[in-house]
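Because only heavy atoms are used, hydrogens play no part in the values below, and waters and symmetry mates are left out as well, while side chains stay in. Letters A, B, ... mirror the listed sequences (proteins, then strands); counts begin at 1.
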There are 2 protein chains.
Amino acid sequence: MARAAGVSRATVSRVINGIRNVDLAIQEKVKQAIALTGYVPNQAARSLVTRRTGTIALIVSGAGGSQESPFPGHVFADPFFGRVAGGVVGFLRPLGIYPILMFADTPETRDQVIAYLRQGNVDGAILVSISTEDTLPKLLADASLPAVLFARPARPIPISYVDVGHRAGGKLAADHLVARGCRRLATISGPLDVPASQDRLAGFQEAMAVHGHPYIPCAEGNFTLPSGEVAMERLLAEHPDIDGVFAANDLMAQGALLVLRQHGRSVPGDVAMVGFDDSSAALACRPPLTTVRHPVEDMAAEMGRLLLTHIEHPDHPVTSRIFEPTLVIRESA
Amino acid sequence: MARAAGVSRATVSRVINGIRNVDLAIQEKVKQAIALTGYVPNQAARSLVTRRTGTIALIVSGAGGSQESPFPGHVFADPFFGRVAGGVVGFLRPLGIYPILMFADTPETRDQVIAYLRQGNVDGAILVSISTEDTLPKLLADASLPAVLFARPARPIPISYVDVGHRAGGKLAADHLVARGCRRLATISGPLDVPASQDRLAGFQEAMAVHGHPYIPCAEGNFTLPSGEVAMERLLAEHPDIDGVFAANDLMAQGALLVLRQHGRSVPGDVAMVGFDDSSAALACRPPLTTVRHPVEDMAAEMGRLLLTHIEHPDHPVTSRIFEPTLVIRESA
DNA sequence: CTGAAAGCGCTAACAA
DNA sequence: TTGTTAGCGCTTTCAG
């Protein structure tokens with residue numbers, strides 16, 4: 001700005017950055033000049049010297065051996081991603097920092113992302129990895145860029161992460177279903193190669209075992225609505241007398257509800273249904289879905305917090321933070 | 001990088017930026033040195049001189065007189081936003097440019113956004129305005145920052161925008177329903193203060209008028225599933241003999257379908273249903289929803305393209321681009 | 001076709 | 001407490 005505030009640029013810099021040791025009168029004068037001229041510091045110049053951008057990356061990374069659709073619409077359209085983005089933005093915004101949205105689904109785009117990060121465009125990264133085979137977490141670790149993951153990586157990697165107690169969630173569902181009086185339970189699991197699915201299933205099975213149900217029929221889905229439909233269809237064919245189901249996410253539960261209705265089974269009268277996530281899909285179900293709440297927004301905020309401390313303190317040790325799931329009781333069970 | 005490539009930094013710069021007039025042998029030498037040292041140019045330094053950041057903002061702006069929820073989850077979770085983000089990222093990514101995700105819902109956050117943009121953090125902005133009362137478009141225009149809107153602003157503002165032919169979409173739905181043999185039509189509109197809702201309704205009504213149906217019962221919703229339920233409930237109460245419905249978006253159609261089933265009406269047997277958007281909700285419906293496709297991804301890509309030309313050519317005239325909707329026929333009509 | 005030198009706007013030592 | 005002085009790493013005239 002016009003150093004016409006009558007002082008040196010150093011002083012202006014000091015008041016803008018809130019460094020004390022500036023005479024109050026001068027501070028006032030500078031502030032007025034700023035307001036008057038509408039001066040805004042140039043971020044590029046600032047970053048050049050501070051080596052901080054005040055920006056972080058929010059990366060969604062899929063598997064993608066080769067190429068996928070040009071429009072990653074269905075990824076961002078996933079209510080789950082929306083909640084993550086909302087949580088991150090909600091936490092970061094008051095701090096005046098905003099995330100850069102990145103998407104990597106192929107080896108090339110992964111390299112592109114890494115290259116971008118190495119340009120010093122961001123101070124750190126928050127990574128939501130969709131696939132077990134994703135190599136980006138490792139690439140990030142190798143680049144020793146401050147980063148935080150959503151969910152425990154399939155293979156151990158020295159990066160901090162945030163996760164929910166999947167086993168505890170499975171147990172919550174089991175206990176509720178049993179307490180409700182269900183006797184012939186079944187479950188629709190997520191894809192069994194992802195840790196979260198395994199853990200939800202294990203938690204459910206273990207809890208059922210202690211309730212005296214050592215064997216629980218299980219159909220594997222892939223977290224999509226149609227997969228929930230076919231899983232329910234199969235379960236019903238093999239065990240027509242089912243009276244309670246735990247689906248590993250709300251979308252599959254929604255699909256299951258659809259076929260239950262088709263078969264004339266009332267919910268929760270004939271069969272009770274418990275989902276997982278407490279996503280918007282849970283509310284779109286009829287009846288509204290009883291579900292295990294996955295506190296995604298809070299977790300996303302925590303990712304932001306963790307990332308910031310990693311950025312501030314480069315030597316901060318790798319950390320993980322596990323959130324407790326809770327049961328949200330609505331009408332389906 | 002180690003200017004140990006044996007040349008001056010100026011030459012390295014030229015090679016990196018693909019400026020001709022560089023001896024091929026030297027080019028090779030430099031490239032090797034780059035590969036060897038893993039050199040990456042510092043973006044901040046670059047931006048400082050070029051006055052370009054290679055970054056744009058993707059802003060979601062709501063109304064918000066005062067404050068809203070700390071987590072803008074439901075906004076980003078909206079499948080509509082997901083499609084926009086996907087389209088923008090899909091177009092920009094091959095160009096190596098990524099969007100910064102911003103969210104403004106209160107006057108304060110709007111100012112914060114503007115301040116951020118004025119810091120020179122981005123070259124331009126793509127704005128998805130959720131509310132009619134949003135003042136951000138005007139603020140952007142006043143700041144004369146390159147920007148493109150999604151959808152025509154309620155009040156005329158000198159900013160380029162991209163939109164779909166809402167009227168044409170309404171007509172598509174009307175023609176299809178009539179061709180199918182429906183005689184007693186009704187419609188569920190969106191909030192009538194937003195131009196898109198008005199236009200979809202008008203297009204539908206006009207087309208119905210030419211088909212000899214001058215009056216069409218209409219219930220107003222707000223684009224949410226529950227609002228679709230109550231609207232359908234009302235329509236059914238007042239006009240029990242309805243045999244065809246046009247809902248102004250898929251979510252409301254989904255809600256309407258739910259109450260239709262509750263009332264024992266078969267779809268499309270007893271009543272046919274046409275939605276609008278062709279969002280993921282259309283596929284989640286049972287039966288799958290016949291709907292007017294809103295080519296959101298393509299529109300988002302076009303926003304990127306338009307923004308880029310505005311950035312390249314600051315004097316490029318304000319432009320609008322209207323996309324044609326198409327009918328996607330599935331099972332509900 | 002290539003190198004030297006200036007300078008983008010800011011922060012941070014260092015002096016005063 | 002404030003001003004002066006160096007750069008931060010790059011692009012870009014301007015010479016050569």
Go nucleotide by nucleotide along DNA chain C from the 5' end; which of B/Val49 and B/Val22 gets its closest nucleotide reached first? B/Val22
Separation of A/Arg9 atom CZ from D/dG3 atom P, in whole Å? 12 Å
Return no unless some side-chain N or O of B/Asn17 is found under 4.0 Å from OP1 or OP2 of D/dT11. yes
Which residue lies more 5' along DNA chain D, comparing A/Thr11 with B/Ala44 via nearest heavy atoms: A/Thr11
Roughly, in whole Å, what's the span from CZ in A/Arg14 to C1' in C/dA13? 10 Å
Return the minimal non-hydrogen interatomic distance between A/Pro295 and A/Phe323, and the atom names on each side. CG-CB, 3.8 Å
Check against ring-ring contact (aromatic ring centres under 6.0 Å, His included), B/Phe150 and B/Phe80: CA-CA 12 Å; B/Phe150 191 96; B/Phe80 171 76; 5.3 Å; yes
Side chain of A/Ala45: nearest nucleotide among D/dT4, C/dG9, D/dT12? C/dG9
Between D/dC10, C/dG3, C/dC1, spot the one nearest the side chain of B/Val7, thanks. C/dG3
Residue pair A/Leu306 / A/Tyr161: nearest heavy atoms and the distance that separates them: CD1-O, 4.4 Å
Rounded to whole Å, the CD-C1' distance (B/Gln119 to C/dG9) equals 13 Å
When rounded to whole Å, the CD1 to C1' distance for the pair B/Ile19 and C/dT2 reads 13 Å
Here the distance between atom P of D/dG7 and atom CG of B/Leu48, to the nearest Å, is 17 Å
If you count the non-hydrogen atoms of other residues, nucleotides and ligands that lie under 6.0 Å from CZ in B/Arg118, is the total more than 12? no
For A/Asn121 and D/dG9, what is the distance between atoms CG and C1' respectively, to the nearest whole Å? 14 Å
Check the pair A/Leu307 / A/Asp123 against side chain to side chain contact (heavy atoms under 4.5 Å, CB included), numbers first and verdict last. CA-CA 9 Å; A/Leu307 181 60; A/Asp123 296 335; over 6 Å; no
Between C1' on C/dC8 and CD on A/Gln43, what's the gap in Å once rounded to a whole number? 15 Å
Can you tell me if the side-chain N/O atoms of A/Arg46 get under 4.0 Å from OP1 or OP2 in C/dT11? yes
Looking for any heavy atom pair under 4.0 Å, which part of the strands does B/Arg51 touch: base, sugar-phosphate only, or nothing? sugar-phosphate
